2 protein chains.
Amino acid sequence: MSSGVLTIGDLSKATGVKVETIRYYERIGLLPAPDRTSGNYRAYGNSDLGRLSFIRRARDLGFGLEQVRELLSLSDQKQRSCEAVDVIARDHLADVDRKLADLKALRRELDSIIRHCGRGTIGECRIIEALAPIDPRH
Amino acid sequence: MSSGVLTIGDLSKATGVKVETIRYYERIGLLPAPDRTSGNYRAYGNSDLGRLSFIRRARDLGFGLEQVRELLSLSDQKQRSCEAVDVIARDHLADVDRKLADLKALRRELDSIIRHCGRGTIGECRIIEALAPIDPRH
DNA sequence: GTTGACCCTGTAGTTACTACAGGGTGTAGT
DNA sequence: ACTACACCCTGTAGTAACTACAGGGTCAAC
């Protein structure tokens, strides 16, 4: 490949995003479809690399693809107010907090159940017991 | 419906699991396919209700469907050692802990970024900046 | 020319649901 | 008997975000 032109593999190595995932992002419109080489290879430029890095970072922070799409759109509008970005980020943070709370509650319960697990048989198993119907009325 | 026979709707109301999800569980073999009424309605018994309750509780604790399948199988073997159950539960707890750690790290970074977000324009936005490529070499 | 890494498109699978579409059943009310 | 409405049925496809082939083409080094 000639200097200045990047292959999909180059982008993958540079960002840690898989080739298949990059093609997926193109399919769903997150990444623009680049020009092609004479061999039909995708020919990316540095701006594509920058955009993919942005996507990767946002994904790593847990933003959903649609949120990433919005953030990308906003990032192109330099004169626009920062507020929309703030809203997206705060909504997401609130979502993360909810997930954290749920996961903590789950962990607490699970830990409690496991802590009481002895070394007997299934018939006496506290874990199974905790999952079983409460009212084994015969 | 006659006394003692439960419809899929009955099970749904009793456990909070959706009708469609119950049919899904039957399809993947988690729930046995029950007898049918003359009108082709599913005719469940109390043991089916018990089994679905078990599944629901295990799902609520975050166990994956395959883990639930194993737990159900183990729960039928009363004389068997409790150890297999213990392993499944501890593996799952370790998984939950990993997720918790990841989510906490994510939250920390996200919070830090948001905290520095001012009230300017996108061009000055710290959130966008944090996501953008590090080396905007022109 | 050969070889091996990489590229391409298209299709389907992962996990755990979820949502129709189109049609049948059961029950209460008129 | 008819009507209305809630519920049931099967089959199909969609959700989110990837991921993994299959089968075939390209590129560069040897």
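Computed from a predicted model, the values in this text were never measured in an experiment. In what follows, chains are A, B, ... by sequence order, proteins preceding strands, each numbered from 1.
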B/T15 side-chain N/O to B/L11 backbone N/O, donor-acceptor pair under 3.5 Å: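 Checking the backbone N and O of B/L11 against the side chain of B/T15, a donor-acceptor pair under 3.5 Å is found.
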
Rounded distance (Å) that lies between atom [atom2] of [N] and atom [atom1] of [X]:
| X | N | atom1 | atom2 | value |
| --- | --- | --- | --- | --- |
| B/D10 | D/dA6 | CG | C1' | 13 Å |
| B/Y24 | C/dA19 | OH | C1' | 15 Å |
| B/L30 | C/dT15 | CG | C1' | 13 Å |
| B/L6 | D/dC8 | CG | C1' | 15 Å |
| B/R23 | D/dC7 | CZ | C1' | 10 Å |
| A/E20 | C/dT14 | CD | P | 15 Å |
| A/I22 | D/dA17 | CD1 | P | 17 Å |
| A/L65 | D/dG14 | CG | P | 18 Å |

Do B/V87 and B/D91 have side chains that approach each other closer than 4.5 Å (heavy atoms only, starting at C-beta)?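 Of all side-chain heavy-atom pairs linking B/D91 with B/V87, at least one is under 4.5 Å.
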
Applying the side-chain contact (heavy atoms from CB on, under 4.5 Å) test to B/F63, which of B/E70, B/R57, B/H92 qualifies?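 When B/E70, B/R57, B/H92 are each tested with B/F63, the side-chain contact (heavy atoms from CB on, under 4.5 Å) holds only for B/H92.
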
Base, sugar-phosphate, or nothing: which does [X] touch, judged by heavy atoms less than 4.0 Å apart?
| X | value |
| --- | --- |
| B/R59 | sugar-phosphate |
| A/Y25 | sugar-phosphate |
| A/I28 | nothing |

For [N], does either OP1 or OP2 sit under 4.0 Å from a side-chain N or O belonging to [X]?
| X | N | answer |
| --- | --- | --- |
| A/K18 | D/dA17 | no |
| B/T37 | C/dT25 | no |
| B/R42 | C/dT25 | no |
| A/T21 | D/dC18 | no |
| A/R27 | D/dT19 | no |

Could you check whether the side chain of A/Y41 and the base of C/dC8 have a donor-acceptor pair of N or O atoms closer than 3.5 Å, going by distance alone?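 There is none.
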
Do A/L52 and A/Y25 pass the side chain to side chain contact (heavy atoms under 4.5 Å, CB included) test, and can you show the C-alpha distance, the side-chain angles, and the key distance before you say yes or no? CA-CA 9 Å; A/L52 186 60; A/Y25 289 158; 3.9 Å; yes

Could you state the interatomic distance from CG (B/L74) to CD1 (A/I127), rounded to the nearest 0.5 Å?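 Between B/L74 CG and A/I127 CD1, I get 10.5 Å after rounding to 0.5 Å.
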
Take B/G64 and B/N40, find for each the nucleotide of DNA chain C with the closest heavy atom, and name the residue whose nucleotide sits nearer the 5' end.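 The answer here is B/G64.
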
